[in-house]
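Working notes for the structure below.
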Amino acid sequence: MTDWQEISGGVTAPRGYRAAGITAGLKPSGAPDLALIYSEVEAIAAGVFTTSQVRAACVDYCRDRLKAKASARAILCNAGQANAGTGELGWADAIESAELLGRELSLSPQSILLASTGVIGQRIRMDAMRSGIPQLVAAASEQGSDAAAQAICTTDLVPKTIALETTLEGRPVRMGGIAKGSGMIHPNMATMLAFVTCDATVSPHLWQEMLKRAADRSFNQVTVDGDTSTNDTLIALANGQSRTAAIVEPGPAADRLEAMLTAVCQHLAKAIARDGEGATCLLEIQVTGAPDDKAARQVARTIAGSSLAKSAVFGRDPNWGRIAAAAGRAGVRFDSAHLRIELGEFLMMDNGQPLNFDRDAASAYMKQAAAGEYLKTDTVLIRVDLGSGSGSGVAWGCDLSYDYVKINAEYTT
């Protein structure tokens with residue numbers, strides 16, 4: 001049972017937010033490419049970013065802004081050019097983008113956060129940005145979340161969005177999120193952009209801690225191809241417009257809000273994994289019996305990221321040996337004599353011993369998932385019990401198909 005329900009509206013479901021997405025001419029394809037999320041009042045802001053040493057200008061910009069002031073009014077995101085590896089000129093483009101939006105919204109640039117996605121090494125097309133920002137602000141509305149979700153996509157096949165509502169002190173509290181991500185997906189952080197809005201009031205320190213823990217249980221537990229990007233950005237805003245009491249310390253209210261935040265992030269993370277480039281199904285790896293939860297998450301990530309295991313799923317081959325091998329190389333100590341592996345309802349290994357199982361039926365199970373409904377019946381479930389403790393963890397990924405190579409072989413051509 002959960003303490004919330006799913007609602008419509010994405011990032012504009014919480015009170016006091018508007019959003020927009022337009023075609024500004026940043027993408028050669030002519031697809032939507034510029035997005036805005038705007039809070040009517042100053043919102044507490046938290047962020048989690050890529051750990052790469054090669055970072056986009058927007059990442060360093062947001063880090064600097066949030067270090068100076070843990071609040072914001074707007075998020076501006078462009079798609080088409082990553083503005084990463086672009087040096088001083090790319091930094092100047094980021095600064096100008098914030099100033100342009102600030103003037104249009106009558107805000108200080110200090111209240112604006114930035115995100116970019118696209119081809120690494122390409123600067124933002126500032127002529128399109130300059131002409132696009134007035135149109136973007138004019139388009140902002142309380143119904144603009146879907147347009148914003150579409151405008152941040154690159155190789156994504158579908159936009160990714162979610163909104164939840166709970167009750168605190170008898171008043172509704174809402175949280176919404178949108179995300180993009182399809183390739184270069186791997187923890188620390190998984191390659192992606194994600195934006196979360198909330199209308200609760202939370203202290204800056206607590207909101208940042210909540211977001212980091214939620215990221216560790218969601219975006220840092222998905223992998224598609226083992227590559228981490230230069231632009232990974234997760235930003236969460238909380239503007240207090242629910243008019244509930246401020247959450248300033250750990251306790252039941254904080255726990256409920258963090259649980260809902262984690263659920264939003266996990267939904268978006270699974271949507272990213274399912275939309276992995278060339279993917280035909282979602283993989284969910286559940287690991288139990290680890291020395292602790294951190295170790296369990298590490299084993300789960302290793303299995304989800306195994307090219308051999310992912311290829312076997314694409315081939316509908318119930319080759320449990322690849323799962324066992326990935327678990328064994330994850331860097332977590334356990335006794336293989338206690339290892340247990342299940343694929344769906346098929347028990348393939350128990351107490352370290354291989355078992356007879358219906359291989360044709362197990363293969364059919366994976367085929368059925370590939371034909372299943374998006375994020376509902378399209379999941380191949382792998383359970384692994386290490387038999388060495390009480391730790392548990394989950395990771396998500398996707399199968400590895402021929403199309404992944406085709407998409408990335410031709411990415412800039």
Side-chain angles (χ1 to χ4, degrees), residues 11 14-19 35-51 55-77 91 94-95 97-99 101-102 105-116 168 173-179 188-189 192-220 231-251 253-262 264-265 268:
V11 291
R15 291 167 180 78
Y17 291 97
R18 287 182 279 158
L36 170 69
I37 299 171
Y38 172 73
S39 174
E40 295 173 355
V41 298
E42 195 78 4
I44 299 302
V48 181
F49 304 96
T50 183
T51 59
R55 296 182 298 273
C58 56
V59 170
D60 289 336
Y61 173 92
C62 286
R63 283 176 164 173
D64 290 350
R65 288 288 181 264
L66 292 176
K67 189 179 297 183
K69 184 183 71 165
S71 65
R73 287 282 301 276
I75 301 169
L76 175 68
C77 179
W91 177 256
I95 296 297
S97 297
E99 291 174 344
L101 182 61
L105 290 172
S106 299
L107 294 177
S108 164
Q110 303 295 322
S111 292
I112 294 168
L113 299 174
L114 303 175
S116 299
L168 293 176
V173 171
R174 296 172 180 172
M175 190 177 296
I178 61 174
N188 295 321
M189 274 197 329
M192 40 142 281
L193 301 179
F195 310 117
V196 176
T197 58
C198 179
D199 54 18
T201 301
V202 193
S203 70
H205 179 70
L206 196 58
W207 190 231
Q208 180 65 47
E209 289 184 338
M210 287 181 181
L211 188 66
K212 180 61 171 69
R213 286 192 292 265
D216 283 343
R217 289 168 171 77
S218 58
F219 299 115
N220 278 339
N231 290 56
D232 306 330
T233 297
L234 166 61
I235 295 171
L237 304 179
N239 69 3
Q241 293 301 287
S242 66
R243 305 303 182 188
T244 50
I247 301 173
V248 297
E249 59 185 18
D255 290 344
R256 288 180 64 189
L257 194 68
E258 182 174 339
M260 190 162 71
L261 176 61
T262 301
V264 166
C265 291
L268 296 174

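- Counting only distance, with no hydrogens or angles, the side chain of Tyr61 and the backbone of Ala115 share no donor-acceptor pair below 3.5 Å.
- Scanning for side-chain contact (heavy atoms from CB on, under 4.5 Å) contacts around Ser218 gives Cys265, Gln266, Ala269, with sequence neighbours left out.
- Checking side-chain atoms of Asn239 against main-chain N and O of Val41 turns up no donor-acceptor pair under 3.5 Å.
- Shortest non-hydrogen contact noted between Gly102 and Ile112 is N-CD1, 3.2 Å.
- Using a 4.5 Å cut-off on side-chain heavy atoms (C-beta onward), Arg213 and Leu261 make no contact.
- The salt bridge (charged side-chain N to carboxylate O under 4.0 Å, His left out) search around Arg174 returns Glu165, not counting sequence neighbours.
- The CE atom of Met210 sits 5.0 Å away from atom CG of Leu257, with the distance rounded to the nearest 0.5 Å.
- Considering only residues two or more places apart in sequence or on other chains, Ser242 meets the side-chain hydrogen bond (donor to acceptor under 3.5 Å, both in side chains) condition with Thr244.
- For Glu40, there are no side-chain hydrogen bond (donor to acceptor under 3.5 Å, both in side chains) partners at least two apart in sequence or on another chain.
- Across every non-hydrogen atom of Leu36 and Ala74, the tightest pair is CD1-CB, 4.1 Å.
- The side-chain contact (heavy atoms from CB on, under 4.5 Å) check on Ala246 picks up Thr201, Val248, with sequence neighbours excluded.
- In this structure, Gly47 and Leu66 approach most closely via the heavy-atom pair N-CD1, 3.8 Å.
- Between Ala94 and Leu114, the closest heavy-atom pair is O-CD1, 3.2 Å.
- How far CG of Leu76 is from OH of Tyr38: 14.0 Å, rounded to the nearest 0.5 Å.
- For residues 62-71, every residue pair satisfying the salt bridge (charged side-chain N to carboxylate O under 4.0 Å, His left out) rule, not counting sequence neighbours, is listed here: Glu42-Lys69.
- For the pair Ile44 and Ser203, the minimum side-chain heavy-atom distance is 4.5 Å or more.
- In this structure, Gln241 and Gly16 approach most closely via the heavy-atom pair CG-CA, 4.3 Å.
- Expressed to the nearest 0.5 Å, how far CZ of Arg15 lies from OG of Ser39 amounts to 13.5 Å.
- Here Arg256 pairs with Thr166 under the side-chain hydrogen bond (donor to acceptor under 3.5 Å, both in side chains) rule; sequence neighbours left out.
- Rounded to the nearest 0.5 angstrom, Trp207 CH2 and Lys212 NZ are separated by 15.5 Å.
- Thr197 is linked by a side-chain hydrogen bond (donor to acceptor under 3.5 Å, both in side chains) to nothing, counting only residues two or more places apart in sequence or in another chain.
- Here the CG atom belonging to Asp216 is positioned 9.5 Å from the CG atom belonging to Leu211, to the nearest 0.5 angstrom.
- The salt bridge (charged side-chain N to carboxylate O under 4.0 Å, His left out) test applied to Asp60 returns Arg55, not counting sequence neighbours.
- Within the 4.5 Å cutoff, side-chain heavy atoms of Ile178 are placed close to those of Val11.
- Between Leu113 and Phe195, the closest side-chain pair of non-hydrogen atoms is not below 4.5 Å.
- When all heavy atoms of Ala214 and Thr262 are compared, the closest pair comes out as CB-OG1, 3.7 Å.
- Using a 4.5 Å heavy-atom cutoff, the side chains of Ile37 and Ile235 are not in contact.
- Gln208 pairs by the side-chain contact (heavy atoms from CB on, under 4.5 Å) definition with Ala46, Val48, not counting sequence neighbours.
- The structure places CD1 of Ile75 at 12.0 Å from OG of Ser111, a figure rounded to the nearest 0.5 Å.
- Contact check for Ile247 versus Leu168: side-chain heavy atoms found under the 4.5 Å cut-off.
- In this structure, the side-chain contact (heavy atoms from CB on, under 4.5 Å) partners of Ala194, at least two apart in sequence or on a different chain, are Ala179, Met192, Phe219, Leu234.
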